[in-house]
2 protein chains.
Amino acid sequence: MSSTYHHGDLYRQALEQAQALLHEEGAAAVTLRALARRLRVTAPALYRHFRNRDSLLAALAEHGFLKLRQQLLAVQRDDALERLTGIGQAYIAFAQARPNLYRLMFGGQLLPRGAHPDLDTAGLGAFAVLQKSIDDALAADYLNGQPAGPLAAAAWSLVHGFAELTIDGHLPDEQQAPGLAALVTRLLLPGGPPSDDNNNPRHQP
Amino acid sequence: MSSTYHHGDLYRQALEQAQALLHEEGAAAVTLRALARRLRVTAPALYRHFRNRDSLLAALAEHGFLKLRQQLLAVQRDDALERLTGIGQAYIAFAQARPNLYRLMFGGQLLPRGAHPDLDTAGLGAFAVLQKSIDDALAADYLNGQPAGPLAAAAWSLVHGFAELTIDGHLPDEQQAPGLAALVTRLLLPGGPPSDDNNNPRHQP
DNA sequence: GCGCAATGTTAACGCCGTTAACACGACATC
DNA sequence: GATGTCGTGTTAACGGCGTTAACATTGCGC
């Protein structure tokens, strides 16, 4: 009846509003009916654009991985080692800026691995940026020629674990988080954390 | 009607069956109605023992933290440094043996921090074991007197991140996980990972 | 102008959490 | 032994959810 029977642009707006819902209230609040209400549309209309609720959530997570990859790629430094630490800090900043999105991306609950191939490749794409910065640091003869694969996995574990623990409030005295973030991202470097005064690496060449 | 109108032992059995449900099918499957069916009881009966579904999940997570603490305390080694790495590996083993429980404990979704004080203290109790093993390693003059708090936070970040990434299948070539776990737990040690060839722990007696 | 495919709506199903009202039965008190 | 109370179970019902089937409307190609 009204001139907007056909919404025209529902898919894009649905994604936008779903992102807003996720950011504001968490994944549990991203419900097809709530999303439909926001869009002034009935719930079944969304099934023209998403196979089901899980597909919607997967799309949100995939966009998250693409965005994360972008932000990691945007980190540019001359020195390979500085770039590596910059990427670690950008990673943590991403998680802290969008905790609900980050939890959706890595929650693991709703998204059985392999069910959404685009999501998986987007995740690998983000990881690849980290992997490359490790490779570069290795090529620049930092990191003592340790094996690149495990090293990247360990680096990712470190930043991911720190990001999750902080956004969930598991770490005590969180106020020292900024300094901690720096420490954490430098922990993988040869000789451990740099030694301004009290921190003193031993095996430094 | 039947002699078992009063179940008698519902709270304990409910917790047990809920744990089984969680382990087998994940947190989303832990539903009050499904649990009631398993126990051959109607759903509202469970409200005599749990305030609501979130309280049930919080109880499951709390038991998880207590169990994790137990398993970390069970790690006994003579050398403080060995004990530290043993604790790291026990932590990762716990997560890999009970991925759904681990995700519930650290998912962050359903359990707004502070809503279940017993849960929070149980979480801190588990962390305290790790913190103490770090303190001991410091006292034994390992780790070159780095600040203990940030160091423990970093260690926890590392094992937690690695645990989550592996149980969610985010790390590529996961088959090398055993070696990786060893690498990861040794990453914090003085000098970083041993660089002989691939895996060779220093401080081996 | 017409027909079809895309995209919306309405109605309905079963599952869920949760609550109110009621039923049973163990146990203390007389 | 009768009686009453209170812990613990049941029944019935509400609204919200994901999802599907059937139908309605419109834009676009011919």
Side-chain angles (χ1 to χ4, degrees), chain A residues 1-22 24-61 100 104 107 109-112 115-116 119, chain B residues 1-22 24-61 100 104 107 109-112 115-116 119:
Chain A
M1 41 174 66
S2 90
S3 69
T4 59
Y5 186 102
H6 281 70
H7 194 285
D9 186 38
L10 189 55
Y11 179 79
R12 195 180 50 80
Q13 281 188 239
L15 271 186
E16 281 177 13
Q17 291 303 313
Q19 281 171 337
L21 215 38
L22 172 64
E24 295 161 12
E25 306 181 46
V30 181
T31 204
L32 289 177
R33 292 182 119 115
L35 180 58
R37 282 192 291 271
R38 274 206 182 206
L39 297 165
R40 311 203 158 278
V41 154
T42 61
L46 295 170
Y47 283 83
R48 303 294 179 187
H49 304 280
F50 303 95
R51 192 149 37 82
N52 50 31
R53 180 172 180 262
D54 273 1
S55 286
L56 169 63
L57 293 179
L60 292 179
N100 287 327
L104 175 65
Q109 318 269 44
L110 303 159
L111 311 165
H116 303 273
L119 173 58
Chain B
M1 42 170 68
S2 89
S3 69
T4 59
Y5 186 102
H6 281 66
H7 194 285
D9 186 40
L10 189 55
Y11 178 79
R12 195 180 49 82
Q13 281 187 239
L15 270 186
E16 281 176 15
Q17 292 302 312
Q19 281 169 338
L21 214 41
L22 172 63
E24 294 161 14
E25 307 181 47
V30 180
T31 202
L32 289 177
R33 292 182 117 114
L35 181 57
R37 281 191 293 271
R38 276 206 179 206
L39 296 165
R40 310 201 159 280
V41 153
T42 60
L46 295 170
Y47 283 84
R48 301 295 180 186
H49 304 280
F50 303 96
R51 192 150 34 87
N52 52 30
R53 180 174 181 261
D54 273 1
S55 286
L56 169 62
L57 294 179
L60 291 179
N100 287 328
L104 175 65
Q109 318 270 43
L110 302 158
L111 312 165
H116 303 272
L119 173 58

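Residue numbers begin at 1 in each chain, while the letters A, B, ... track the order of the sequences.
As rounded to whole Å, 9 Å separates atom C1' of dG9(D) from atom CG of Leu10(B). When the C1' atom of dT18(C) is taken as reference, atom NE2 of His49(B) falls 16 Å away, rounded to whole Å. Atoms CZ (Phe50(B)) and P (dC16(C)) sit 17 Å apart, rounded to a whole Å. As rounded to whole Å, 11 Å separates atom P of dT7(C) from atom CG of Asp9(A). The CD-P distance, from Gln13(B) to dG9(D), rounds to 10 Å in whole Å. Summarising the geometry, the separation between CZ on Arg48(B) and C1' on dC22(C) is reported as 10 Å, rounded to the nearest angstrom.
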Could you list all N or O pairs between the protein and nucleotides 17-20 of chain D that sit under 3.5 Å apart?
unit_1  : atom_1 : unit_2   : atom_2 : d
dC17(D) : OP1    : Arg37(A) : NH2    : 3.3
dC17(D) : OP2    : Arg37(A) : NH1    : 3.1
dC17(D) : OP2    : Arg37(A) : NH2    : 3.4
dC17(D) : O3'    : Thr31(A) : OG1    : 2.5
dG18(D) : OP1    : Thr31(A) : OG1    : 2.6
dG18(D) : OP1    : Leu32(A) : N      : 2.9
dG18(D) : OP2    : Thr31(A) : OG1    : 3.2
dG18(D) : OP2    : Leu32(A) : N      : 3.2
dG18(D) : OP2    : Arg33(A) : N      : 3.1
dG18(D) : N7     : Arg33(A) : NH1    : 2.4
dG18(D) : O6     : Arg33(A) : NH1    : 3.0
dT19(D) : OP2    : Tyr47(A) : OH     : 2.9
dT19(D) : OP2    : Arg53(A) : N      : 2.9
dT19(D) : O5'    : Tyr47(A) : OH     : 3.2

Could you list the donor-acceptor pairs under 3.5 angstrom formed between side-chain atoms of residues 30-38 of chain A and any protein atom two or more places apart in sequence or on another chain?
unit_1   : atom_1 : unit_2   : atom_2 : d
Arg38(A) : NH1    : Gln17(A) : OE1    : 3.1
Arg38(A) : NH2    : Glu24(A) : OE1    : 2.8

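Using a 4.5 Å heavy-atom threshold, the side chains of His49(A) and Gln13(A) count as separate.
The two atoms that bring Ala59(A) and Leu15(A) nearest to each other are CB-CD2, 4.1 Å, heavy atoms only. Residues Glu25(B) and Ala29(B) approach most closely at CB-CB, 3.4 Å, considering heavy atoms.
Taking the six-membered ring where tryptophan is involved, the planes of Phe50(A) and Tyr11(A) are essentially parallel, since the angle between them stays under 30° and well short of 60°.
For Ala61(B), the side chain to side chain contact (heavy atoms under 4.5 Å, CB included) partners at least two apart in sequence or on another chain are Leu104(B), Met105(B), Leu111(B), Leu119(B).
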